[in-house]
Amino acid sequence: PVTQGPVWKALSPQQDQTMFEERHLRYISPLGKGNFGSVELCRYDPLGDNTGELVAVKKLQPNNQSTQEDFQKEVNTLSALHCDYIVKFKGVCYSMGRLSMSLVMEYLPYGSLIGYLENNRHNVNTRRMLLFASQICKGMEYLQTLRYVHRDLAARNVLVASEVLVKIADFGLTKIIPFDKDYYWVTQPGESPIFWYAPECINESRFSSKSDVWSFGVVLHELFSYCNMKCNPKRLYMQEIGHTVQGPSISMHLANILKSNWRLPAPPDCPPQVYGLMKQCWTYNYNERPCFYSLGNQIETILQDDRE
Ligand SMILES: C=CCCn1cc(-c2nc(Nc3ccc(C4CCNCC4)cc3)nc3[nH]ccc23)cn1
């Protein structure tokens, strides 16, 4: 008889680890707001004895910007990513008879990088910041190998798993580069985080891994500014542009100062080698920007030098 290969049995809902039943999902507290929705801390407690695990649950908040379709894409994206430096997908929870869906993810206890650095600036030194930077770099390099462009890399979207581990989160704006191109052209730019955008994103809505590299440079700036509100990228750019400028013309002014080679100033006490990395990420021409692999190596080198 012909030996049969493994026959994949359809998993029952109970066996399928990625199905979370709403009746066992106990709301605890709010965690934050992302693209397309809000994130809540819940305990998944099927035994009903509070021994269940804590999870982060993202609920879609349909508004003009976001749709169920966008959210479904975010779920599909996250469920395809398996990397130590990217927040883990745990599953989905259907409620209202499969009308609404929530995204269930691992809960990272320390919250976003912004809050963490603001509250722990005294015991986070250069080495730890470079460790965080290299982890974000590795996560982005992994994304790039799968031809994903994050499009919203910013400290607010990096979460702290422990004192020595950060993870990239919020893949609401992530797109896959088409097989025949090396960029993604966005038709309807919603509320865009333009102060993290590369020039070609502002001018042509052209997104690529090299535009993610530009955003990584801005995240380095946030890191080495300890995410201090007083010198965050938006405030520094608006000081240069002039606070009188309002609305849609902001992006034109931003494009102009970037074209005339103005860049965010080095954060206070920032090591020159690190500011050098930021400047590389902010090379005007995307072809001349380093890739995440090269950035990762340069960060390791700085960490080695720092050790001697
Ligand atoms: C990615 C950014 C936009 C959307 N977003 C995602 C999350 C999120 N948060 C957490 N943990 C967390 C832990 C403590 C705190 C506290 C709250 C009270 N003040 C101090 C800080 C906040 C968050 N784990 C997560 N896993 C997956 C997502 C996720 C939050 N917002």
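This is a predicted model, so every value here is computed, not measured. Atoms within a ligand are numbered from 1 in the order they appear, just like the ligands themselves. Basis for what follows: all heavy atoms, side chains included, without hydrogens, waters or symmetry-related copies.
Of all the atoms in ligand 1, the ones that sit under 4.0 Å from a non-hydrogen atom of Ala169 are 1 (C). For ligand 1 and Gly34, the ligand atoms under 4.0 Å from any heavy atom of the residue are 3 (C), 4 (C). Taking every non-hydrogen atom of Met105 and a distance limit under 4.0 Å, the qualifying atoms of ligand 1 come out as 27 (C), 28 (C). Numbered from 1 in the order shown, with element, the atoms of ligand 1 that lie under 4.0 Å from a heavy atom of Arg156 read 1 (C), 2 (C). Residue Val87 has at least one heavy-atom neighbour below 4.0 Å for each of these atoms of ligand 1: 26 (N), 27 (C).
Protein heavy atom closest to atom 24 (N) of ligand 1, with residue, atom name and distance, is Leu108 N, 3.1 Å. Nearest protein neighbour of atom 15 (C) of ligand 1, counting heavy atoms only, is Gly111 CA, 3.8 Å. Closest to atom 30 (C) of ligand 1 among all protein heavy atoms lies Leu31 O, 3.6 Å. Looking at atom 31 (N) of ligand 1, its nearest protein heavy atom turns out to be Gly32 CA, 3.5 Å.
Ring-plane geometry between Tyr197 and Phe207 is classed as perpendicular, the angle between the planes exceeding 60 degrees on a 0 to 90 degree scale with a lower cut at 30.
Two rings, from Trp262 and Tyr237, have their centers less than 6.0 Å apart. Residues Phe224 and Tyr275 keep their aromatic ring centres 6.0 Å or farther apart.
Distance CG/Leu159 to NZ/Lys167: 9.5 Å, rounded to 0.5 Å.
Judged by the shortest distance from any of its heavy atoms, Pro109 lies inside the 4.0 Å radius around the atoms of ligand 1.
Under 4.0 Å from ligand 1, not a single heavy atom of Lys58 appears. Within the 4.0 Å heavy-atom criterion, the part of Leu159 lying near ligand 1 is the side chain and not the backbone.
When the options His150, Lys58, Lys33 are evaluated for a side-chain hydrogen bond (donor to acceptor under 3.5 Å, both in side chains) with Asp170, the one that passes is Lys58. Of the candidates Arg289, Lys210, Arg206, Arg289 is the only one forming a salt bridge (charged side-chain N to carboxylate O under 4.0 Å, His left out) with Glu200.
Follow the hydrophobic side-chain contacts under 4.5 Å out from Phe71 and you reach Met19 in the same cluster.
Among Glu106, Lys33, Lys88, the residue whose heavy atom sits closest to atom 26 (N) of ligand 1 is Glu106. Comparing Ser112, Ala56, Ala155 by heavy-atom distance to atom 25 (C) of ligand 1, the nearest is Ala56. The nearest non-hydrogen atom to atom 6 (C) of ligand 1, considering only Asn157, Asn119, Val39, Ile168, comes from Val39.
Geometrically, Arg156 engages Trp196 in a cation-pi contact, judged by NZ or CZ lying under 6.0 Å from the ring centre and within 45° of the ring axis.
The protein does not reach atom 21 (C) of ligand 1 closely, with no heavy atom under 4.0 angstrom from it.
Among all heavy-atom pairs drawn from Asn50 and Arg43, the shortest one is O-NH1, 3.5 Å.
Judged purely by distance below 3.5 Å, without hydrogens or angles, the side chains of Thr77 and Thr174 never pair a donor atom with an acceptor atom.
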